[in-house]
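Please read the structure below before turning to the comments.
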Amino acid sequence: MDDGLRDRPGVTSRFFHSLEVKYQYYLDRLTPHTALRWVIALISLVFFASRIVLLQGFYIVAYAVGIYYLNLFLLFLTPSIDPALQFEDEDDGPVLPSKTNDEFRPFMRRLPEFKFWHSFMKATLIAITCTFFEFFDVPVFWPILVMYFFILTFLTLKRQIMHMIKYRYIPFTVGKPRMAGREDTGKVVVG
């Protein structure tokens, strides 16, 4: 018997594998272009919001994806090793400096920027897809959802900011001093 037929993947498997390879190729090409990625995310978010406004429905989908965005944003702001959970006797790797004489350790996010963008895009595309099916248009009183979302966002971000103040960390690099090397004068020193 010829075992070559059994080892060869099926047509469906090869098709999905080729799609996966193409998807990964374009994702890899887009990775270094941070600004372009977020412009694409903003355009998709505007498209989703315009569908919600024009259709006058799907508020529960918008609420659900908004809560998911808030969760992603909080993971993006949180350090990978939470100083609130650190115990004195454990030394499991890098932690945030807690005193002024501690050595500098870079801020490592629980959710890196690329994964934040990737999850944001997947959620937005799923939400856009949901607006094409009437099944997801659950009738709700949308002002209550909006009010609840803003209250939840305010309280959650307040808690996160208090956590940042308590453990003295800033998750953004804007305004932080950067180390600079010697300036290049253009002169070649032959010694």
Side-chain angles (χ1 to χ4, degrees), residues 8-82 85 106-161 163-164 169-174:
R8 188 173 173 202
V11 174
T12 308
S13 176
R14 285 184 291 170
F15 172 74
F16 283 113
H17 179 70
S18 69
L19 281 181
E20 183 181 338
V21 168
K22 288 177 185 175
Y23 175 73
Q24 191 62 47
Y25 170 77
Y26 288 116
L27 207 57
D28 291 343
R29 298 265 312 191
L30 199 57
T31 299
H33 307 289
T34 308
L36 177 63
R37 285 189 281 118
W38 284 104
V39 165
I40 292 169
L42 184 64
I43 290 170
S44 66
L45 184 63
V46 167
F47 179 71
F48 172 66
S50 65
R51 284 203 46 88
I52 297 298
V53 169
L54 292 174
L55 294 174
Q56 294 293 312
F58 298 97
Y59 301 119
I60 202 78
V61 174
Y63 176 75
V65 79
I67 295 293
Y68 184 71
Y69 292 156
L70 179 62
N71 184 37
L72 288 176
F73 186 62
L74 287 174
L75 288 175
F76 178 71
L77 292 179
T78 306
S80 65
I81 301 170
D82 192 355
L85 302 176
F107 182 80
M108 294 180 293
R109 301 178 186 286
R110 185 171 289 174
L111 181 68
E113 182 271 335
F114 180 77
K115 289 184 179 181
F116 177 34
W117 171 82
H118 193 238
S119 298
F120 185 94
M121 283 301 298
K122 286 192 292 188
T124 305
L125 293 176
I126 289 170
I128 289 170
T129 304
C130 288
T131 62
F132 288 101
F133 298 101
E134 287 294 322
F135 175 78
F136 294 108
D137 191 10
V138 178
V140 292
F141 187 61
W142 66 268
I144 299 261
L145 284 180
V146 171
M147 184 180 68
Y148 183 66
F149 177 76
F150 282 128
I151 290 171
L152 184 67
T153 302
F154 173 75
L155 293 175
T156 307
L157 289 179
K158 179 183 172 189
R159 185 177 54 91
Q160 185 66 30
I161 290 170
H163 189 269
M164 288 179 193
Y169 66 91
I170 300 172
F172 302 107
T173 56
V174 176

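All residue numbers in this chain count up from 1 along the given sequence.
- Rounding to the nearest 0.5 Å gives a distance of 9.0 Å between CZ of Phe132 and CZ of Phe58.
- Between Glu20 and Gln24, every side-chain heavy-atom pair lies at or beyond the 4.5 Å cut-off.
- Inspection of the Arg159 and Thr156 side chains reveals no N or O donor paired with an N or O acceptor under 3.5 Å.
- The shortest side-chain heavy-atom distance between Trp142 and Ile60 does not fall under the 4.5 Å cut-off.
- For Phe48 against Ala62, the heavy-atom pair with the smallest separation is CZ-CA, 3.8 Å.
- Contact annotation: the side chain of His118 never approaches that of Arg37 to less than 4.5 Å [non-hydrogen atoms, C-beta and beyond].
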* **Derivation and outcome, side chain to side chain donor-acceptor pair (under 3.5 Å), residues Trp38 and Glu113** => CA-CA 10 Å; Trp38 284 104; Glu113 182 271 335; 2.5 Å; yes

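- A donor-acceptor pair is defined here as one N or O able to donate and one able to accept, closer than 3.5 Å; such a pair exists between the side chain of Arg51 and the backbone of Thr131.
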* **side chain to side chain donor-acceptor pair (under 3.5 Å) between Thr78 and Arg110, intermediate numbers included** => CA-CA 6 Å; Thr78 306; Arg110 185 171 289 174; 5.2 Å; no

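- From Leu30, atom CG reaches atom OH of Tyr25 across 12.0 Å, with rounding to the nearest 0.5 Å.
- Taking 4.5 Å as the limit, some side-chain heavy atom of Tyr63 sits within range of a side-chain heavy atom of Tyr148.
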* Please step through side-chain contact (heavy atoms from CB on, under 4.5 Å) for the pair Trp117 and Thr34, ending with a clear verdict. => CA-CA 9 Å; Trp117 171 82; Thr34 308; over 6 Å; no

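- Side chain of Ser13 to backbone of Gly10: no donor-acceptor contact under 3.5 angstrom is found.
- Within the model, atoms CG of Leu36 and OG1 of Thr31 stand 11.0 Å from one another, a figure rounded to the nearest 0.5 Å.
- Residues Leu19 and Phe16 form a side-chain contact, since some pair of their non-hydrogen atoms from C-beta on lies under 4.5 Å apart.
- Within the 3.5 Å criterion, the main-chain N or O of Phe120 finds a donor-acceptor partner in the side chain of Thr124.
- The shortest distance between side-chain heavy atoms of Cys130 and Phe135 does not fall below 4.5 Å.
- Contact record, Tyr59 with Leu145: O-CD1, 4.0 Å, taken as the closest heavy-atom pair.
- Side-chain atoms of Val61 and Val138, non-hydrogen and from C-beta on, never get closer than 4.5 Å to each other.
- For the atom pair Leu74 CG and Leu157 CG, the distance stands at 6.0 Å (nearest 0.5 Å).
- No donor-acceptor distance shorter than 3.5 angstrom exists from the side chain of Asp137 to the backbone of Gly57, with no hydrogens or angles considered.
- Using a distance-only test at 3.5 Å, with no hydrogens or angles considered, no donor-acceptor pair links the side chain of Arg109 to the main chain of Ser80.
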* To do: Given side-chain contact (heavy atoms from CB on, under 4.5 Å), test Leu45 with Tyr69 step by step and report yes or no.
  => CA-CA 11 Å; Leu45 184 63; Tyr69 292 156; 3.7 Å; yes

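- Within the model, atoms CZ of Phe76 and NZ of Lys115 stand 13.5 Å from one another, a figure rounded to the nearest 0.5 Å.
- The minimum heavy-atom distance between Ala123 and Val65, with the atom names listed, is O-CG2, 3.8 Å.
- The two residues Leu72 and Phe116 come nearest to each other via the heavy atoms CB-CE1, 3.4 Å.
- The number of heavy-atom neighbours closer than 6.0 Å to CZ of Phe114, taken from other residues, nucleotides and ligands shown, is above 12.
- Phe47 CZ to Ile52 CD1: the interatomic distance, rounded to the nearest 0.5 Å, is 10.5 Å.
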